[in-house]
Q: 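Attaching a single structure in structure tokens format; questions to follow.
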Amino acid sequence: MSTSLMNPAEAPLAVPPPRKARRIPGWAVGALGVAGAVVLLSTTSYLTGVPQLTSTGTIQTAVRLALPILLAALGGLWAERAGVVNIGLEGMMIMGTWGAAWAGYQWGPWAALVAAAVFGALGGLLHAIATVTFGVNHIVSGVAINLLGAGLTKYLSTLIFFPLSNNPRESPAVPKFDTYSASGLSDWLGRLEAQQRVGLSDVAGILRGLVTGVSPLTMLAILFVIGSYLLLWRTRFGLRLRSCGENPVAAESLGVNVYLYKYVAVIASGALAGIGGAALVLNPGQPGYLEGQTNGRGFIGLAAMIFGNWRPGGLLGGAALFGYADGLQLRSGGKTFLALVYGAVLLLAVIVIWQLVRRRWFAAAFGILAAGLLYAVYYSVDEVPSELTTYAPHLVTLIVLGVASQRLRMPAADGVVYRRG
Amino acid sequence: MSTTTPAVVLSGITKRFPGVVANSDVHLSVQVGEVHALCGENGAGKSTLMKILYGMQQPDEGTIEVGGQPVRFRTPADAIKAGIGMVHQHFMLADNLTVQENVVLGAESLHGIGAKARKRILELAEATGLTVDPAVLVERLGVADRQRVEILKVLYRGAKVIILDEPTAVLVPQEVDELFTTLRGMQEQGFTFLFISHKLDEVRAIADSVTIIRRGTTVGTADPKAVSSRQLAEMMVGSELPSPETRESTVTDRVVLKVENLGLVAVEGTRPVLDDIDLVVRAGEIVGIAGVEGNGQTELVETIMGMRKAHHGRVLLGDRDLTRLGTLARREAGIGYIPEDRHRQGLLLTQPLWANRILGHQTRRPVSNGQWLDLAGAKDDTRRIVEEFDVRTPGIDVAAVALSGGNQQKLVVGRELAGDPVLLIASHPTRGVDVGAQALIWDEIKNARARGLAVLLISADLDELIGLSDTIRVMLRGRLVADADPATVTPEDLGSAMTGAGATSAAVAEHAPGGAHARGAELEGE
Amino acid sequence: KDTGGTQPGSTNTAEGCKLADKPPAAAATSSAATSDEKVDGSALKVGLAYDIGGRGDASFNDSAAAGLDKAKADFGIAEVKELTAAPNEPEDAKQTRLRQLAGEGFNPIIGVGFAYAESLKVVAPEFPNVKFAIVDGAVEGAANVTPLLFAEEEGSFLAGVIAAYKSKSCHVGFVGGVEIPLIQKFDAGYEQGAKAAAPDIKIEKKYLTPAGDFTGFQDPTKGQEAATGQVEAGADVLYHAAGASGKGVFSAAKTGNALAIGVDSDQYNQKTVEESKDVIVSSMLKRVDVAVYDFVKAVAKNDLASLPKVFDLSVDGVGYSTSGGKIDENLKAVLEGYKAQIIAGKIDVKDKL
Amino acid sequence: MGILRGKLLPPVLAILFSALLCGIALVVSGASPLRAFGVMLSQVGQGTTAVDIVNSTGTYYIAALAVAIGFQMNLFNIGVEGQYRVAAVVAAVVGGSIALPPGLHALVIILTAAVAGALWAAIPAILKVTRGVNEVISTIMMNGLALGLAAYLIGADVFGELRGNNIRTPEIPESGWVPGIPLGSSGTVFGLVFLAALLGIGYWVMMNRTRFGFELRASGESSTAAAAGGVNAKKMVLIAMLLSGAIAGLVSMPEILGRDHTYNLNFPAGIGFSGIAIALLGRNHPGGIAFGALLWAFLDKSGLALDNVGVPREIVTIMQGAIVLSVVVAYEVVRRFEVAAQQRQVGRQLGTVDAA
Ligand SMILES: Nc1ncnc2c1ncn2[C@@H]1O[C@H](COP(=O)(O)OP(=O)(O)OP(=O)(O)O)[C@@H](O)[C@H]1O
Ligand SMILES: Nc1ncnc2c1ncn2[C@@H]1O[C@H](COP(=O)(O)OP(=O)(O)OP(=O)(O)O)[C@@H](O)[C@H]1O
Ligand SMILES: [Mg+2]
Ligand SMILES: [Mg+2]
């Protein structure tokens, strides 16, 4: 090679693009985050004397509440990774609840799951037809599907459930899954938890919550998370699917059938959201289908997915955070909520120190201010008004998003209408 | 080298778009193992023809033969199967995927997506000299590397006929040479190339034969070794070849733009993107900035325009300190700005031309009275630009997207020269623009300079840079590392300076050796 | 696999509360003599405007429907029309519904739920000859609107007594659907009753959503989690006033080996909660059916003045159910004792805390 | 002709298609679609339905305008729902606790509502601008918090008062009311319906004639081009969101000042979400939105009549969803049809045209 030519090794280093290569792999970041959260919670629990923060029951509740959100978020992940924004998750979830109830009361919970997936997938199919084939704005289509899902299920319930349950807004009772526990481990952890040892008991409580009274649905959802990761990031199918969300024109030019992959992704998305609906119906305590049952969980799922940076691990974190905060406020109300505020102060303190180390004075000052404010709240009230605790999950999500530095990155062609040719 | 059956034969190809006939009865025959160039003005229909050959678009009429067999490509997959590969004018890479993922996408059945695929990529890179790290994200690559990835993609699929659509538009001469070396090497291994370029010298340097397209139809085939660039250009447009040269100097000693000690940091704690830039542009002077893409030119321009916030340093226009002002205030102070990417930064594509006239001038006459728009004024002035700058359009109410690239660029130039700016910042003002439009834009910039306009010119087209500029500064890794005298410097010298290979000519005066900035110093991601 | 029912933490070895002195036994059950006089309603066209949920909600709408059905059968009513409110509907939809009924000649017309109060204020004066009634509400200044109000706090008082007597850990819970005044009445009565029966009793409370967010009546999952929380905190008898969310409370009680008290109608006999019916000790009955029935009857007899101002314990407008056999004679005697005292005014049950 | 085909044909097609779809659904369920549609149409002439439709159109129109302002620059304000609720409570509280001369009183209430809505919207706006928080998430969360805040504010020990089983804010004195146009037994048209019309005109003028509107549209069309043109993206996000929130704050003003004079537990929910659908239906154009709002209101109000003939009222929701979807599909189909026609035309002129 002639000397005047550029040798790649000496090629001028391009100006660094804003995003850097990651030195730490994603799973490690996730593990660190989880560890950090556990430490934070057990410290808070110790300092405030509120053991509920890490009790088995709280964790179990969190898991149950997070489940439908997690599944909806996974649905969102599939669609958006293929470049289709899915604001219709709520509608597909509603379709899922109806399908689950309809099949479930007749043939049991497994049939409910399948039917929910099918009904959700129908919603997904409609979304795919509108957005992929007809090039309709994704948000328009999603909004329409939310309306259609709600209208259709109400209509169908009046026709089909009314004669059975004597109530046009409710299905007959649906049989539920049995739950399973790793009993030996669970008992051992239970003893550990009961000893009230700082840190150790907290971890035991959390772990015990995760291995006790587990519904097959929970295991399935975890499988879905792992499966989605493997499928989307480790197979050719996933590569092709994601390429449709990053640069569909390039994908098409390489012989990827973009329409097909978008269809598959959006239908899968609907099916997952539908299963999310089934998770709601099959939750202990739910009679079956109930009008208004999803109550915005599809939207929360969407938020969890964005929160999780369009990644399976991240959205698991988002759903868990929401479920945890919701579980906490439902179970124990104002007091524990205050403990959470205290935890937020601790978190902010850590962040402020980090910012000081990095010599980011402004961010640090902002953090100190926020921490001071929150601490004043913690100090001055005994119990947060119940009107506000109900929405603790919303507040926590907002605060976490506001505090966590925003490095979110959506698929490059997400929401862009793609036309072949 | 020609054999009996041509590699590819296109006959009677016609392709219509709404309002446009992109190809009309095109004939093209490419021999096995040759580099066949395709030349034509902007919008002549070259890319469209190639997309048809690659199965991305279906011809309305006409037939395609590959290796003597008539074929019908419904998708690129069909074309790939037939051994045809295409490197697009606009790179077709997914930024957020790795090089390896981009390469194997769509061809996973060959070697999977894992270690085997990686091995194969490295083999190919070895064989052709297209070295690049398969594990790196594409968004972190510069243009030359991206092009390597594009060619690797094609090779990975086993293509024997490779279409290169304007591959050299964004490369510096050294990179072009390197590309040509690669192409020649591959040609010897039996690959066939279809090569599109506006740069006729390059065509003559690399091509074995050339087909010329004018207004969507083939006007002839020539032997590039036997014709001059001028003859080729005349076949393309039927007019004379313009030149960017500016003869007499109009430089005054009145300083218009003064940049002092300007610094910019992309991410806290990383290497600076702009490092202590000092720069002066005087009235009547064109200062050219040479540099390989990605060395901070974009950032420099955007910092001067106030689109990025300087970390330290000052920007002065005349006596006025602009450092703390926003982009609009800087524009109001008298800066015109031709952005490097007219589609992304210069135009509102779906809006009518007159709305595009308002952009950047929304507070100034004649298109606005401050807070209220003056639509009549905007329309009148748009008509003026259309006339003066020879913007070929059916009217001023059509959407900007309906115009060809050259005409879009003329509109942008007309807009930025409106309202008598004192400083024009022109980033790649003629990129991807055909010779006719190019000549007009050069003339307009020269005229404005003669009227006392100060111009900061950034261009990858070294002929343009050398021809237009009064002074050339070379930018490397965020620093101005050398000055060059446009009267004596050659593109090759400039190219060496730009890549940091060291001055090879007296025409380039290097500054004190730029402290080698460490490559590392990267923060962990996410 | 979980067999259900192993409840962590709550080792209920305690033998229950230290109970307050039992009230004196009630004199005689003053079960109102259901006079079998024949009432003719064949001239009546009765209109019923339900609140969200409507017929089939297994709650107070259904109870109203039951009253209407009975009235129809007993009095031979000519025609009946029932319309239902949609969730989140604007005010004018309710007005339109009432006007529709009035316009088609229905008289009397009953609005089920306090949500109709504002609409009736507007519509009732437009139809001065139509006799309106409103369940759970009152409209000032409209002479032709009969309020059908209930003393939920009195019924809930008895529920509190039941809870205190049934609790082994002397720790009970209350789950409210939405924190509105109506539900706070249940809450208040319950607490007073529980405290009256066992002064040391601990009470857990949770409202699922605050006022204005009516999804709290529609979210069994939340009901279940809130109830589970209370059970794990030690409560072993749960009373709910949470509409459909109450189903979650029953289910939580079942898994947590606790007991539950239903609300509005006799929930032991409800199909949708069949699988957890064995935990239902009793239900606080709010006899909307009685009120509707009595109102129609009074209209037929043209004797509105005979209606009580408030349907309270004294007229059996509220009460408790005994289906399921978990209220033994002993407890029943106690309850009747408290009931007599309340009726007699010896115990004043407040509707607010 | 072309305009007619391009702009008006699609909505007509879509409505017909949706009606057909619902008709089929009705037939399947054993009801007569003709009867159902007939009842819906005749309902307009009954009682106060016509006036209710007008009033409701006004409300929907304001909500959709609020959403549309965000859409113009690709900001997705799902938070209209929460913004109008917070604004309603705050305005009702303020209106009920001050005494001012007629006219001025109402004006102050309206301004309060706008400011409250804007402030509520400011939180997601600031989070987006300073912290890059996606507005879709933050506004969803803010909707939840709005419910909590409203509940807290009307608490009996805060600003609310108990009325039977209802809680409400203190009644706004008559000086704060905005009189409507009484049409006897047909009801009363809210005075503030005209506010909606005024807002529509203002919106049109702003989008088409002002620098701000231009910058908004430019940001929506291409944020990069807008930035190069001197549009400060962060400032635009902030202003657009505040403006959207301020308009959202006005959503419930016609009802509160024209009829209820208080905020109570029966406050309607979901108007913000309808606003999203209507803005999309009307393609962010003031005329289109007006049409969409009218259609929506018609379906809502006349749908009440379906109960009379024993048809599930939910068919209306299905119809609304179907219309939103089929309108956009119809626009797309018509557009493709026109493109094809143009292509054929070019084909005929082949040889005589000049490329470009
Ligand atoms: N998808 C399309 N839809 C409509 N018109 C198109 C499309 N693609 C290309 N055109 C038009 O067809 C004509 C030929 O375009 P093409 O891209 O083939 O030109 P080109 O010769 O490659 O020009 P350039 O030198 O600028 O790359 C132009 O007028 C262009 O505007
Ligand atoms: N979705 C729609 N439904 C019904 N009518 C519509 C719709 N969209 C636009 N219109 C009507 O069509 C006409 C033209 O609309 P168009 O969007 O072309 O306006 P425009 O050219 O953008 O003008 P403007 O300068 O007002 O924005 C308007 O009168 C408008 O009311
Ligand atoms: Mg081009
Ligand atoms: Mg081209």
Side-chain angles (χ1 to χ4, degrees), chain C residues 49-52 54 81-104 113-119 121-123 126 134-140 147 149-150 152 178-185 207 209-216 351-352, chain D residues 43 46-49 51-53 55-56 59-60 85 89 143-144 146-156 160 162-168 185 187-188 190 252 255 259-271 273-274 297 300-308 313-314 316-317:
Chain C
Y50 293 113
D51 200 350
I52 311 161
K81 182 159 198 169
E82 301 160 60
L83 299 176
T84 305
N88 295 329
E89 68 181 10
E91 191 62 42
D92 56 20
K94 293 194 174 64
Q95 295 183 5
T96 301
R97 192 167 299 119
L98 295 171
R99 278 198 197 95
Q100 249 171 35
L101 291 170
E104 287 171 34
F114 71 88
Y116 282 100
E118 300 292 321
S119 330
K121 199 160 122 191
V122 179
V123 177
E126 294 171 13
I134 175 165
V135 175
D136 276 348
V139 178
E140 290 161 41
L149 295 167
F150 296 85
E152 291 90 352
V178 182
E179 195 165 7
I180 51 175
L182 183 63
I183 303 302
Q184 284 166 332
K185 281 161 95 178
Y207 288 93
T209 54
D213 181 355
F214 286 94
T215 59
D351 62 1
K352 259 201 279 300
Chain D
Q43 174 69 22
Q46 307 221 324
T48 58
T49 304
V51 167
D52 288 345
I53 290 177
N55 286 340
S56 177
T59 303
Y60 283 144
R85 183 178 290 268
V89 186
N143 285 345
L147 279 166
L149 182 68
Y152 174 74
L153 289 179
I154 61 165
L162 217 58
R163 270 306 170 95
N165 279 324
N166 208 335
I167 344 178
R168 58 174 224 190
S185 65
T188 303
F190 294 147
S252 54
E255 290 187 358
R259 186 190 60 213
D260 300 345
H261 315 305
T262 169
Y263 171 98
N264 66 32
L265 288 184
N266 299 334
F267 192 72
I271 296 175
F273 286 101
S274 302
D300 265 6
K301 301 301 166 198
S302 61
L304 292 174
L306 288 176
D307 282 335
N308 283 338
R313 208 186 323 154
E314 286 69 40
V316 163
T317 319

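Each chain gets a letter, A, B and so on, in the order its sequence line appears, and its residues count up from 1.
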Q: Please list, chain by chain and in numerical order, all residues satisfying side-chain contact (heavy atoms from CB on, under 4.5 Å) with Pro181(C), sequence neighbours excluded.
A: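 Partners of Pro181(C) under the side-chain contact (heavy atoms from CB on, under 4.5 Å) test: Gln184(C), Leu162(D), Ile167(D), Leu265(D).
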
Q: Given heavy-atom pairs under 4.5 angstrom as the criterion, report whether the side chain, backbone, both or neither of Ala117(C) touches chain D.
A: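 Neither the backbone nor the side chain of Ala117(C) comes within 4.5 Å of chain D.
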
Q: Given the options Gly155(D), Gly187(D), Ala269(D), which has more heavy-atom pairs under 4.5 Å with chain C than any of the others?
A: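 Looking at each of Gly155(D), Gly187(D), Ala269(D) in turn, Ala269(D) comes out on top.
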
Q: Does a side-chain N-to-carboxylate-O contact under 4.0 Å join Asp260(D) and Arg168(D)?
A: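 Salt bridge flag = no for Arg168(D) with Asp260(D).
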
Q: Non-hydrogen atoms of chain D under 4.5 Å away: do they reach the side chain of Ala102(C), the backbone, both or neither?
A: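 Interface part for Ala102(C): neither.
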
Q: So for Lys81(C), is it side chain, backbone, both, or neither that comes closer than 4.5 Å to the heavy atoms of chain D?
A: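 Looking at Lys81(C), just its side chain touches chain D.
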
Q: Kindly say whether Thr188(D) contributes a backbone atom to a donor-acceptor pair with the side chain of Asn55(D) at under 3.5 angstrom?
A: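 Present.
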
Q: Quick check on Glu91(C) against chain D: is it the side chain, the backbone, both or neither that has a heavy atom closer than 4.5 Å?
A: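 For Glu91(C), backbone and side chain are both near chain D.
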
Q: After noting the C-alpha distance and the side-chain angles of Thr209(C) and Leu147(D), does the key distance pass the side chain to side chain contact (heavy atoms under 4.5 Å, CB included) rule?
A: CA-CA 9 Å; Thr209(C) 54; Leu147(D) 279 166; over 6 Å; no

Q: With only heavy atoms counted, which part of Ala138(C) is less than 4.5 Å from chain D, the side chain, the backbone, both or neither?
A: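 Contact with chain D: none, neither part.
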
Q: Quick one: what part of Glu126(C) sits under 4.5 Å from any heavy atom of chain D, side chain, backbone, both or neither?
A: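 When you check distances to chain D, no heavy atom of Glu126(C) falls under 4.5 Å.
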
Q: Just give me the residue among Glu314(D), Lys301(D), Arg259(D) that pairs up with chain C most often, heavy atom to heavy atom, under 4.5 Å.
A: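 Highest number of pairs under 4.5 Å: Arg259(D).
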
